[in-house]
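For reference, the structure is listed below as C-alpha cells.
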Amino acid sequence: MIKQLDSRLHPGAPTELAEERPLMRLLGTRRTPDGTRLRWAGEGAGLTDITVELLLRDSPDHSPGLCELTVEATKLPVLDMESVSIAFPFLVDTPTVRYDRQRGWVEPRADHGPGSSNEWLSATSAVTVTAQDGPGVVWAAPDSALFSSSDLVRGVWPERFPEKNGYLYAYVMNNFWPCNTPPTQPGRVRFRYVFAAVDRHEPASASRFGARARFGALAQEVTPLDRFTETRQPRFAQGTLLDLGDMPDCRVFLTGEEDGLTLRLANLRAGGNRDIALRVPDGYRAVESAGAVPSADGRLRPRLNGFGVTELFLRPSEPQ
C-alpha cells in the first residue's frame, strides 16, 4: 500500500510517501496434479486475511512453465488517501516494456507522445518485459488491467516513460481519483495473475497468452437426450456456424444484428495480406465490401492488414 495526496488536486510538490507492506509468512509447499503450489498468509497495510498462492505448472518438456499467482484478501476501510499495488520484481537486463491495446502493441518508451500517461498503463491482454532482442517474461492480469512499470504510482506524472528495471506493479485500487473511486473500498477481493518466461517479444504469441489467461476450461451440460448405447451411434447434427479453417493469430468477434450478422477479424500479426478463406454459413450471403473478395468456391477471402481489423457483413439469403 502507498499513501500520498494526489498532486493533481493539491498544489505544490507531492506529499511524502508512506509505503507499507503486509507481514507475510510461508505456510508451505505441496505437489498437486498440475504442478507445485506455494502458499503464504499474512496481514497489514490496510489488508487482513491475506492468502497468496503461487502455482508452478509442470511443463511436458521440463522447461520453465506457466506460473499463476492468486492473491485473496479482505480490504479494510481506510479514509487516508491510499493505493494498493501487487509487485512482480522480474529481473530483466536492459528491459523493454510493451503492452497490447485493441489494435496492436505499444512500446511506451518509443510510442508515447507528449502528454501520455507514463506513470500507469492499461493492457488489453498482456504485457511483455524483455531484454533487447533477448529473453524476458510475458505477464497477464485478467482481474486488474492497470499496471505501472519500474516503480509504484507516485503521482509525479513523468514526461517520459521510465524503464529503470523489469519490475511490474499491478495497480489494483486507489481511493483518491476524483471520478468513480469511493473514499473507502472495504470487502473481500481476489486477483489472479499469469506469467511465463519467453525467449523474445513475439506479439502474436503474447496476445494468445493473454487471451487464454482470461478463459477457463470450456464445459457443457450433458442431458439425458445426449445418452446412447454402445451399439447405436448418436443421432445429432454437429457443425459450426462459421467454418473458420486455419486462422492462427486472429481474434474473431461475431455479433448478431436484426438484419444479419457482423463478423470482425483482428489480425494480431504485423504482416498483412494473409491467405484466409471463410465459408459463408448456409442461409446467408456476404455483402460485398472492400474488406473481402468472394472466390470461385464460394468462400470469402478477407484482406487483413498488419494489426488491422476487417468487418464482414452477412445477410440472410433471398428465398429461391
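Fair warning: this is a prediction, and the values are worked out from it, not measured in the lab. All values below were derived from every heavy atom in this structure, side-chain atoms included, with hydrogens, water molecules and symmetry-related copies excluded.
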**Message:** Pair Met173, Ser144 - check side-chain contact (heavy atoms from CB on, under 4.5 Å), show working.
**Reply:** CA-CA 9 Å; Met173 66 83 64; Ser144 58; over 6 Å; no
**Pair Phe209-Leu66, side-chain contact (heavy atoms from CB on, under 4.5 Å): steps then yes or no** = CA-CA 10 Å; Phe209 180 91; Leu66 195 73; 3.1 Å; yes
**Message:** Does the plane of the ring in Trp177 sit parallel, tilted or perpendicular to the ring in Trp120? Use 30° and 60° as the thresholds.
**Reply:** tilted
**Message:** Test of understanding: with side chain to side chain donor-acceptor pair (under 3.5 Å), list the residues that count as partners of Thr96, not counting sequence neighbours.
**Reply:** Arg109
**Prompt:** With sequence neighbours left out, what residues match Glu202 under side chain to side chain donor-acceptor pair (under 3.5 Å)?
**Reply:**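 Partners of Glu202 under the side chain to side chain donor-acceptor pair (under 3.5 Å) test: Arg200, Ser205.
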**Request:** Take Phe88 and Phe147 through the test ring-ring contact (aromatic ring centres under 6.0 Å, His included) and record every step on the way to the result.
**Result:** CA-CA 11 Å; Phe88 293 82; Phe147 73 97; over 10 Å; no
With heavy-atom distances below 4.5 Å as the criterion, would you say the side chains of [X] and [Y] are in contact?
X: Val309; Y: Phe253; answer: no
X: Thr184; Y: Leu79; answer: yes
X: Gln185; Y: Asn175; answer: yes

**Request:** Would you give the length of the straight line joining atom OG1 of Thr262 to atom CZ of Arg264, rounded to the nearest 0.5 angstrom?
**Result:**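 One finds 5.5 Å between OG1 of Thr262 and CZ of Arg264.
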**Item:** Gap between atom CE of Met24 and atom CZ of Arg39 - 0.5 Å precision
**Value:** 11.0 Å
**Asked** Got a sec: does the CZ of Arg315 have more than 12 other heavy atoms crowding it under 6.0 Å?
**Response** yes
**Request:** Inspect the surroundings of CG in Asp93 and state if more than 12 heavy atoms from other residues, nucleotides or ligands are less than 6.0 Å away.
**Result:**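 Count not over threshold, so no.
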**Message:** For a side-chain contact (heavy atoms from CB on, under 4.5 Å) check, start with the C-alpha distance between Thr70 and Val52, then their side-chain angles and the critical distance, and finish with the verdict.
**Reply:** CA-CA 6 Å; Thr70 303; Val52 177; over 6 Å; no
**Asked** Is there a path of hydrophobic side-chain contacts, each under 4.5 Å between heavy atoms of I, L, V, M, F, W or Y residues, that connects Leu55 with Phe90?
**Response** no
**Message:** Between Cys67 and Tyr193, is the side-chain contact (heavy atoms from CB on, under 4.5 Å) condition met? List the steps.
**Reply:** CA-CA 8 Å; Cys67 301; Tyr193 304 92; over 6 Å; no
